[in-house]
Amino acid sequence: MKGATCTFYSLLLLCFFVSHTWASNIPPRPNNDREYISHARVFKKWQDWQAQAELGLSDRKFRAGGRKVQVGARYQLTAHEKIGFHLGGQTGLRHNTDWVARADNPTQFFWQDTKDRFEGIVILEAQTKRWLGRSGLAWDARVRLNYFEHNQFQNLQARLGLLYPRAGITPGIQAEFSLPLNYSETGLDEMWAYGYAMIDITKQLKQVLKIGPGFYRWTQPETPGAATFHTIYPGMRFEIDFNYYFK
Amino acid sequence: MYKLKNLWLAGLFLLILISESTAQSVVFLRGTMSINDAPAQKDASLKAGDKIKTGVDSLAILDLGSGSKLKVEADTEIMIETLDHETKGSLYQLARGKVVARARKIVGQKDLFNISTATASFGVRGTEFFVAVEKQEDDLDTWMCVNEGQVVVKGKNETTTKLVNQGEGVRVNKDGTSDPRFLPWTKKLNWELDDPNAVSANDGALKEAYHDPLGQDYD
């Protein structure tokens, strides 16, 4: 009996060490999956052009995040179709390549501190909005090509939405997908589904509230001879924005 | 004798039918209206050349004959240039205000029902539509939307026409005619022309016309 108990605990200990070693190269799930994001934006139209600027704060848990500033312009091709170009800079964002092995112990991994790391972003985009017959509902779609200056990562951000534009408050739903172009073997590394409302505080000042679940997919950076591994990190996002539209 | 009497009665009946189908008159009036600057009442007859004006908070429905009707909203001025739906065609000149028009569908015929404003002309192909003239600073805007059927629109300074289908609308001004599209504010229009209890004015119709809900980005 004593022998069996000893064997049992030895096996248990072995399992612990094996699992711990196996999991050490995979980032841990954050303690708290709730993310908080906020933006302050301004918009100004001149004929077919629209200039815009935004400041952002984010706490994206798995992707960390911090502060963001972005300026850009959109050109109106038709009544509801636009193309855009934006330049931005942000601090704190984590990429897959920020999960690194310790120099003194390559079997142990950690997240590099990105809190004060500034990186530039270049964004190209195209968007369209259409009414759904005479229902009063409309759908919109936007595609963005993002380029992250820090590690030359590129991704496509696609977003589809359904909204019900009304005076006072416009409710809607959105699905957003992030498709890595040059840094992951998976086809999708982020996805979110939101419910949102745009509220008219005044004719020129509006508030946007968004809430919804989503996930990040982390993939092990490519290592020659190593197996590709990826795992999902769920999250719940809360976003509050203020938009001001100059006359 | 019996056959002659029946023939006479049939002829009289046909005459009544023809006269009823071509009679043009005011069939509904709320508030005040004038015809050629003289106060007019319900059942007043109409003819080519008449200039009709409605007062503030007023509403009139005109029976134009041959199944066509026109709802003339408050503070509106419209002139009947010609009144002949069957052969030459009818032409109405809307100087200001709003109207809802229903034109009888005539299979195989060209556009015999036309409404013209300072900036556009609309040829109707058996339909129900709304036209409004709105002053914008020093210019005039004409808004038109189609409830049933199709309307051909041509800006006064344009050489080509655009076809506006059911559920679509356009804005016409000195810059031209916009592309036909769904205008969300038109969902709230009152299209009733027959039931006096259901008829109501479209006074605030254009308040939302100049705001495009999809024109504003939220991020």
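Just so you know, these numbers use all the heavy atoms, side chains as well, and skip hydrogens, waters and symmetry mates. Chain A is the first sequence line, chain B the second, and so forth, proteins listed ahead of strands; every chain is numbered from 1.
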Tell me, yes or no, whether the heavy-atom count around B/D57 atom CG, taken from other residues, nucleotides or ligands under 6.0 Å, exceeds 12. no
Region of A/N243 that comes under 4.5 Å of a non-hydrogen atom in chain B: side chain
Looking at A/Q152, I'd like to know if its CD atom is crowded, meaning that more than 12 non-hydrogen atoms belonging to other residues, nucleotides or ligands lie closer than 6.0 Å. yes
Above 12 or not: heavy atoms from other molecules or residues under 6.0 Å from NZ of B/K135? yes
Can you confirm whether B/Q136 is buried at CD, in the sense that more than 12 heavy atoms of other residues, nucleotides or ligands lie under 6.0 Å from that atom? yes
Part of A/T78 within contact of chain B (heavy atom distance under 4.5 Å): neither
Measure the spacing between OH of B/Y218 and CG of A/L163 and express it to the nearest 0.5 Å. 5.5 Å
Given the options A/A79, A/G133, A/A167, which has more heavy-atom pairs under 4.5 Å with chain B than any of the others? A/G133
B/D217/A/K129 salt bridge by N-O under 4.0 Å criterion: yes
Check: B/R181 and A/W131 side chains under 4.5 Å, non-hydrogen atoms: yes
Honestly, the part of A/R166 sitting under 4.5 Å from a heavy atom of chain B is neither
Should we count NZ of A/K44 as having more than 12 external heavy atoms under 6.0 Å? yes
Proximity breakdown for B/Q216 and chain A, heavy-atom pairs closer than 4.5 Å: both
Name the member of A/Q76, A/K82, A/Q52, A/K45 that forms the most heavy-atom pairs with chain B at distances under 4.5 Å. A/K82
Residues A/R159 and B/D219 bridged, charged N to O under 4.0 Å: yes
